[in-house]
Every structure is written in C-alpha cells, then in structure tokens.
Protein chains: 2
Amino acid sequence: MPDTTTSSDLLAVLRDGRSRTKTELAEATDRSRSTVTAHLAKLVEGGIVTQLERTAATKGRPSMLYALAADAGVIVAVELGARHALVALTDLAGGVTAHHRIVVDVVDGPEPVLAAILTEARDLLAAAGRPESDVAGFGIGIPAPVELATGLPVSPPLMPGWDRFDIRAYVRLVFDVPVMVDNDVNVMAVGEGITHWVAEREMLMIKVATGIGAGVVVNQRLVHGADGAAGEIGHIRVSAAGDRVCRCGQTGCLESFASGIGIARTLAEQGVDTDDGRDVVALVRAGSIEATRAVREAGRAIGEALATCISLINPSVIVIGGSIASVGEPLLAGIREVVYQRSQPLASKQLRVVAATDLELAGVTGVSRLVQSQVFHLAGLGARPTPATQRRS
Amino acid sequence: MPDTTTSSDLLAVLRDGRSRTKTELAEATDRSRSTVTAHLAKLVEGGIVTQLERTAATKGRPSMLYALAADAGVIVAVELGARHALVALTDLAGGVTAHHRIVVDVVDGPEPVLAAILTEARDLLAAAGRPESDVAGFGIGIPAPVELATGLPVSPPLMPGWDRFDIRAYVRLVFDVPVMVDNDVNVMAVGEGITHWVAEREMLMIKVATGIGAGVVVNQRLVHGADGAAGEIGHIRVSAAGDRVCRCGQTGCLESFASGIGIARTLAEQGVDTDDGRDVVALVRAGSIEATRAVREAGRAIGEALATCISLINPSVIVIGGSIASVGEPLLAGIREVVYQRSQPLASKQLRVVAATDLELAGVTGVSRLVQSQVFHLAGLGARPTPATQRRS
DNA sequence: TGACTTATGCCGAACAACGACATATGATCG
DNA sequence: CGATCATATGTCGTTGTTCGGCATAAGTCA
C-alpha cells in the first residue's frame with residue numbers, strides 16, 4: 001500500500017539498502033517523526049521494510065534501525081553483449097547476489113537469445129534456493145537504441161531481427177513482473193553513477209568495446225532523446241579516422257578508428273596480426289609498442305569527439321569503460337590529452353576523466369537500480385527524493 | 001499566500017495567460033473541483049488570479065473563466081548583446097507590452113551598462129504609466145556563461161570586467177524583486193520553446209551572430225552544466241575552419257569560420273569588403289554570390305558540429321536563430337545538408353531543423369518566462385505542472 | 001414554460017501531517 | 001547502586017487539505 005508521497009520518499013531514501021533511524025529518515029524526507037513512524041509501520045507490516053536491532057550505544061536510548069527488506073524479493077538483471085550475456089540476481093536494494101556469464105549470439109535473433117537468458121535466470125534462482133515467485137522485477141541492458149516510452153529496440157545495427165521486438169512481453173510470459181529494457185551504456189552509466197558519482201548532475205559514461213557508445217546523464221536523469229538514440233556517438237566524424245569506411249556506410253566515423261575493431265584494423269594495416277578487439281588488450285598488456293600507440297591514438301580520437309560533447313553539456317565527470325578501457329592508462333592518456341587541450345578552460349577546469357571502477361558489474365548494477373525504480377514506483381536515479389523544491393524553511 | 005502544491009499547480013497551468021474554467025483547471029491539475037474552488041478563491045482574493053466574465057453559450061449553465069492577473073505586475077526582461085540591449089516590459093503572463101533597443105557596449109563593464117538598462121527600464125515604466133512598485137521581477141540574458149546556483153557570469157570571453165560581477169545585487173539596489181540572470185542563448189531557447197515547441201523533450205537552440213552558442217533543453221529543462229558552460233559550442237573544432245586562428249587562441253574553431261565575424265573573414269580573404277557580421281546579411285540580401293556561398297559554407301560547418309550534438313542527445317528540434325540566421329535559406333540549407341548526411345538515420349528521421357520564428361522577441365520572452373518561474377515559485381518550463389507521476393488511476 | 005444540461009456553493013467525512021506529552025531505555029556520574 | 005541525563009518511542013488530539021455529495025443557479029432547447 002505504499003502509494004503516498006511520504007512512503008515513496010521513505011523508499012527513495014532507503015533504496016540504497018543502508019539502515020537508518022526514524023530521526024534520520026524524518027530529516028531526510030523532511031517530515032515529522034510521527035509521520036515517518038506511521039508510514040514506516042505500514043511499510044514494515046507490508047514486508048517492504050525491516051526493523052533491525054537497536055543501534056550501538058550513543059548517550060541516550062538506542063534507536064531502532066530500519067532498512068529496505070532487501071531479501072523480500074529478487075531482481076533479475078541482465079547485460080546483453082554481442083556475443084555473451086551476463087545474467088545476475090540482485091536483492092531489492094541492488095546488491096548482486098549471484099551472476100553468471102553465458103555465451104549467446106545476438107544475430108540469432110531475440111527468441112533463442114532471450115530463451116537462453118531466461119533459462120539461466122531460472123537456474124540461478126534454483127541454485128539460490130529461491131522460488132520463481134520471488135522475482136520482483138526483470139531488467140536488461142541491450143546494445144541497441146531503446147525507445148523510452150515503449151521499451152522497444154529501434155533500428156539496432158548490431159542486432160538485426162530485434163527491431164521493435166517486444167522484449168517486455170516475451171519476458172513476461174515467464175516472469176510476470178515489471179520488465180525494464182534500456183540501452184547497455186545507459187545502464188552502465190546508472191551503475192557507475194549510483195556507486196561513485198551520486199552528487200554529479202551531468203555525467204558521461206563512455207563504453208569503448210567492439211563499438212563505441214555513451215550513456216548521458218543530465219540534471220541527474222538519463223537522457224534517451226527523441227528516438228532513444230541519445231549517446232550513439234560511435235558514428236561521429238573525427239579527423240583521425242580519415243577516409244576509413246565504417247560499417248555504417250559513412251567515412252571517418254569514430255568507431256571505425258577507435259573501437260576494438262577499429263584499433264585492430266589500424267594494427268592490421270601495420271602488419272600486426274589481430275583477430276578481434278579482445279586481442280588488442282592482450283597485446284598492450286604484453287607490451288606491444290604498436291598496440292599501445294594505436295590505443296593511445298584511439299584515445300585521442302575519442303577525446304576529439306568528447307571535446308565537442310563537453311562543449312555541449314559541460315559534464316563534471318566522464319567515465320571511460322568497456323573492454324578496451326581495461327588496458328588502462330594508454331587509452332585514458334590519449335583521451336585526456338585531447339580533451340584538456342581542446343576544451344574551453346571553463347568547461348574543463350573541474351572536469352574529471354576517469355576509468356570505470358567496476359568493469360564487470362556496473363551494467364547489471366545499473367539495470368537493477370532502474371528495475372528497482374519501477375518496482376517501488378520511484379523516479380530518477382538519485383539517493384534522495386529529488387532536490388526539487390524544499391518544503392520547509 | 002499561494003504556497004501549497006495545489007496553488008502552484010494552478011499557477012503552472014495558468015501561467016500562459018489563457019483563461020480556463022474551474023472544470024478545466026480541475027482536470028489539468030488532477031484535483032477535485034471543490035479543491036480547485038477553494039484555492040482559486042484564495043488566489044483571486046490575493047489578486048493573483050482574475051475572475052473573468054462568463055463563457056459564451058454551451059448547453060448548460062455558463063461557467064466562470066479564470067486567468068492569471070497578468071496586469072497585476074510588470075516583469076522587466078532584458079536581452080543584452082555585445083553592442084546593444086533590448087529592454088522590454090511584459091505582463092505577468094509573459095506578454096510583451098513595450099520594448100526598446102538601446103545602444104551600449106559591454107566592454108565598458110557592468111556598472112555603466114546596467115545603469116543604462118535600468119534607466120531605460122524606468123523610462124519604459126513611466127511611459128506605460130506604471131509606478132516602479134509594480135515591478136514584480138527582473139531578468140536579463142547575457143552573452144556569457146552563467147553559474148546556475150549563483151547567477152554570476154563566469155569567465156566571459158566577450159565581457160571582460162563582468163567576471164563574477166553580482167548583477168542580481170546591483171539590480172536589486174533599484175528594483176528590490178527577484179532577479180534572474182542567464183545566458184542569452186538559454187533564454188532564447190526558452191522563448192522559442194514555450195511559444196512553438198512546448199511538447200518537445202529535447203531541443204537545441206543555435207544562435208549564429210557575432211559568435212555562436214547553443215541553448216540546450218533536455219527532459220524539458222534547460223541544461224547549464226557543471227560550470228554554466230553548457231551550450232558553448234563556438235569553439236568546437238570543425239574541419240571546414242582549417243587552421244584558422246580563433247580569438248580563443250585555438251585553431252579550427254567553429255566560430256572562427258561560421259560566425260558573423262568568421263564569414264566576414266572568409267569574404268575578406270576573397271577580396272570582398274565587409275566590416276562586420278551585419279554586412280554579411282546585407283550582402284546576401286543584395287544577391288552577392290560570394291556572400292551567399294560563404295554563408296552556405298558556414299551552414300555546413302555548423303552542420304558538422306551539430307551532427308555530433310545530435311548523436312549525443314538526439315533532439316527532436318533544432319532551432320536556428322541569431323542575426324546571421326535572418327538571411328534565411330542559405331544558412332539553413334547548408335546546415336541541413338550536412339546534418340542529414342552525417343547523422344544516423346534513426347536520430348535524423350524525425351529531426352526538424354527550423355529557423356527561429358521570432359528573431360526579435362524570443363530572448364525577452366524567454367527571460368520573462370524564467371522570471372515568472374521565480375515570481376510564482378514554479379519549476380521547469382512546461383505549461384503543465386510536470387508530466388512526472390500521474391496521481392490517480 | 002418546462003425539461004435538460006452544465007456550473008456553482010456549501011458541508012461533512014476521510015485522511016494526512018504535525019506538535020506535544022508521557023514513557024521507555026540505555027549511558028553516565030556521584 | 002541509585003539518581004540523572006540524553007535520546008528514542010508511542011499515542012493522542014488538533015489542524016489543514018482534499019474529496020464527494022447535494023441542493024441550487026443559470027443558461028439552452030423544444
């Protein structure tokens with residue numbers, strides 16, 4: 001029954017899973033303690049919030065601690081890549097309790113891929129000793145633009161056969177719960193955002209892997225754009241890419257030069273043998289001078305594109321992730337070099353360009369958070385209700 | 001006393017100045033008629049809302065119409081350019097009732113310029129037969145980045161001497177009312193947005209004049225960025241600008257090639273005499289082939305930069321304004337040519353690139369709307385409360 | 001003129017939030 | 001070891017907001 005503003009606000013504060021006292025909650029939600037008491041009672045009765053043991057000694061009477069009943073349900077969070085899927089279970093607070101990577105191929109089309117994912121999810125649930133009825137929500141990040149209102153993938157270049165396929169409906173045949181679908185980089189942005197960059201209003205998450213994409217956070221909210229195509233920066237034209245022909249048919253695309261495939265292509269032109277983007281990381285780690293240089297050049301190209309993005313939205317943080325980012329410094333150095341050289345002083349003085357901290361789980365963490373928003377009817381990403389308008393003086 | 005949510009919601013609906021019946025208001029604010037009645041009574045009593053005559057015949061009893069008491073106060077709205085200022089008076093609904101353009105020079109520094117503006121505002125008030133005590137709010141759009149929280153201009157390249165000058169405080173010495181300061185292109189974006197593009201979630205306003213800047217609207221809200229530098233796209237690097245040195249010290253900046261000054265420079269290199277950006281418009285209108293071509297080239301360069309912006313935020317509308325935009329087709333054609341060629345099909349299929357419709361008053365209209373938000377304690381730009389969460393089933 | 005339609009005003013009921021008071025529970029100190 | 005202090009808890013009456021219902025007003029239309 002938590003449908004009032006106060007209950008929502010309480011959940012919005014408690015959604016991170018940490019426990020709090022009534023006084024803390026009253027302060028955080030800007031209500032009186034009696035109001036918080038009343039609503040907490042309902043939430044506890046409904047099994048949504050748990051009353052924990054008393055706090056350790058302060059001076060006065062110890063207070064009760066309240067926290068989200070994170071174990072009351074399970075969220076299935078999936079990150080889909082071109083050749084694999086990471087299927088994870090999280091508790092209602094977003095803590096990952098189990099995860100497993102399976103091999104799939106998105107070009108096989110939606111049914112077989114989703115079937116494999118759903119099977120894996122069932123297996124994980126069984127292994128965790130959880131009945132399927134415990135599933136409270138399902139979410140998936142996919143490497144395609146997603147239309148915000150409908151959750152449908154639209155014109156996905158990497159995923160022929162998925163165009164406007166109703167993933168939500170398909171999943172609901174198995175798990176009849178809220179289903180969230182969003183772009184893979186968007187969910188990474190959320191994952192990194194809620195774990196490390198809660199306070200930042202504008203943030204950019206860049207994924208450098210087989211392709212290149214961005215997750216865009218503005219005013220603490222994900223940006224989807226009119227067609228779900230926001231953040232599709234792989235086909236920005238950069239000078240470094242020259243006349244190289246991209247798979248999209250254009251020339252000079254960022255992706256054709258700076259993605260895993262693009263770097264491999266650069267190296268191949270120099271006679272260095274690489275099959276795939278994955279090899280590039282191995283080569284750099286092995287100390288290959290050519291590979292290191294190519295990655296740094298790729299970083300510069302990305303930096304060139306980012307300089308423009310910075311001029312447009314002036315973010316305070318840019319997080320670099322994706323498989324290629326795991327080479328670490330060379331890529332980051334290339335990006336920083338151009339970003340700080342080409343950006344206006346005002347926009348770059350406070351700007352931080354950092355590597356993603358959780359390459360493996362950022363995606364599913366973000367998915368879980370977005371699903372949680374739906375399960376609890378919460379808005380936005382922030383830890384607090386929303387910094388909108390303060391109510392009291 | 002209108003400080004409750006319901007009163008705010010009512011004002012948020014009525015802010016456009018149109019009149020509505022109680023039933024319409026109840027529907028728009030999602031409250032019962034009795035609630036609306038109660039709050040309207042207070043608002044009418046407070047002189048904030050006016051009760052108008054009855055509606056013309058429907059079938060049943062005619063209803064009363066209610067509208068914002070637009071004449072209860074005056075908003076002073078100013079648009080500051082490098083060499084001039086447009087000082088306007090609007091009613092509380094944002095309707096421009098008087099305006100006058102005065103000559104100033106921003107390089108003289110803030111005090112003399114603001115003094116001239118304030119004097120002009122006083123003159124306009126006197127001419128309108130309005131006492132100064134009628135002024136309910138003051139706003140100004142300035143050609144500089146503005147820090148959102150403080151309203152201070154930061155590191156303005158065009159306005160040396162204005163850095164972190166407290167415009168709000170200075171104005172309040174004369175008019176002790178809410179004072180709003182924002183970037184000139186931001187306010188133009190708001191002005192165009194509320195008059196023609198209310199429904200669009202993502203929108204870009206591009207001003208092409210002496211310099212080049214953008215106003216960025218995402219999720220129906222203005223984007224200021226971490227340092228107020230969002231939309232400062234004049235110094236994006238574009239290939240067309242080649243190695244041309246920009247006043248910012250970098251090379252290849254969009255502004256060095258595609259702004260009024262940049263176009264003049266291009267023409268000068270071809271031996272065509274122009275003193276200033278203003279001349280460019282005259283030359284095109286006079287049928288100069290060189291000037292027309294140069295403007296179209298400028299459009300292409302802008303299109304190149306915009307293609308990147310489109311990839312990042314996927315707007316549904318891009319509005320082109322500024323003095324150079326008044327040449328009309330050549331500029332727009334150049335922009336469209338590159339935008340539609342370089343953008344991903346998904347992002348550009350629904351995208352409209354249009355000319356600003358109100359070159360003269362869009363700025364002050366936007367200023368007035370932003371001031372109105374402060375005067376009535378409203379959030380956002382939208383006509384409706386915010387499409388956030390629907391309250392009933 | 002009377003039926004019909006639509007708006008209005010007013011009132012009591014339901015609900016949410018608050019502040020205050022009495023009480024509970026531990027630490028701390030003499 | 002008991003008194004005191006500090007802090008948290010539960011409950012209750014008050015206040016204010018919102019809702020739905022009912023009687024009534026003010027037009028149109030036949």
Side-chain angles (χ1 to χ4, degrees), chain A residues 1-14 18-46 48-67 377 385 389-393, chain B residues 1-14 18-46 48-67 377 385 389-393:
Chain A
M1 317 257 119
D3 215 21
T4 63
T5 315
T6 303
S7 296
S8 283
D9 285 359
L10 286 172
L11 290 176
V13 174
L14 290 168
R18 289 199 302 146
S19 59
R20 273 162 256 250
T21 68
K22 276 184 186 165
T23 312
E24 286 167 344
L25 288 171
E27 195 149 333
T29 58
D30 206 4
R31 311 287 147 106
S32 72
R33 283 204 321 285
S34 18
T35 305
V36 169
T37 302
H39 285 268
L40 264 186
K42 277 186 200 162
L43 290 171
V44 170
E45 190 185 2
I48 299 167
V49 166
T50 316
Q51 195 181 43
L52 304 177
E53 80 295 350
R54 299 164 175 279
T55 47
T58 47
K59 272 192 257 184
R61 172 175 175 173
S63 51
M64 292 289 198
L65 283 173
Y66 296 84
H377 304 101
T389 45
Q390 70 276 30
R391 291 164 48 93
R392 306 205 198 161
S393 61
Chain B
M1 315 257 118
D3 215 21
T4 64
T5 315
T6 303
S7 296
S8 283
D9 285 359
L10 286 171
L11 290 175
V13 174
L14 291 168
R18 289 199 303 148
S19 59
R20 274 163 256 249
T21 68
K22 276 183 186 166
T23 312
E24 285 169 344
L25 287 171
E27 196 148 332
T29 58
D30 207 5
R31 311 287 148 109
S32 71
R33 284 205 320 284
S34 15
T35 305
V36 169
T37 302
H39 286 268
L40 265 187
K42 275 188 202 162
L43 290 171
V44 170
E45 191 185 2
I48 299 166
V49 167
T50 316
Q51 196 181 42
L52 304 177
E53 80 294 351
R54 300 168 176 276
T55 46
T58 47
K59 270 192 259 184
R61 171 175 175 173
S63 51
M64 293 288 199
L65 283 173
Y66 296 85
H377 304 100
T389 45
Q390 70 276 33
R391 290 164 49 93
R392 305 206 198 161
S393 63

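Residue numbering restarts at 1 for every chain, and letters A, B, ... go by the order of the sequence lines. What you see is a predicted model, and the numbers here were worked out from it, not measured in a lab.
- The CZ atom of A:Arg18 sits 11.0 Å away from the CG atom of A:Leu65 when rounded to the nearest 0.5 Å.
- Note that the CG atom of B:Leu25 and the CG atom of B:Asp30 stand 12.5 Å from one another [nearest 0.5 Å].
- Direction change of the helix axis from one end of the helix from C:dT1-D:dA30 to C:dG30-D:dC1 to the other is 0°, with five pairs defining each end axis (rounded to 10°).
- The interatomic distance linking A:Leu52 (CG) with D:dA8 (C1') rounds to 16 Å, in whole Å.
- The distance from atom NZ of B:Lys59 to atom P of C:dT6 is 6 Å, rounded to the nearest whole Å.
- Under a 3.5 Å cut-off, the side chain of A:Arg20 and the backbone N or O of A:Ala28 do not form any donor-acceptor pair.
- Atom CE of A:Met64 and atom CD of A:Gln51 lie 4.5 Å apart (nearest 0.5 Å).
- Taking side-chain N and O atoms only, B:Ser32 has a distance below 4.0 Å to OP1 or OP2 of D:dC19.
- Counting only heavy atoms from C-beta outward, the side chains of A:Val44 and A:Thr50 never approach each other to under 4.5 Å.
- Atoms CG (B:Leu40) and P (D:dT18) sit 13 Å apart, rounded to a whole Å.
- Two residues are said to be in side-chain contact when any heavy atoms from C-beta on lie closer than 4.5 Å; B:Thr29 and B:Thr6 fail this criterion.
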B/S/- along nucleotides 7-13 of chain C (protein heavy atoms under 4.0 Å) is BBS----

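- Between A:His39 and C:dA17, a side-chain N or O to OP1/OP2 separation shorter than 4.0 Å is present.
- Counting heavy atoms from C-beta outward, B:Glu27 and B:Val13 have side chains that stay 4.5 Å or more apart.
- Here B:Ser8 contributes atom OG and B:His39 contributes atom NE2; the two are 10.0 Å apart, rounded to the nearest 0.5 Å.
- The nearest whole Å value for the distance from the CZ atom in A:Arg20 to the P atom in D:dA8 is 16 Å.
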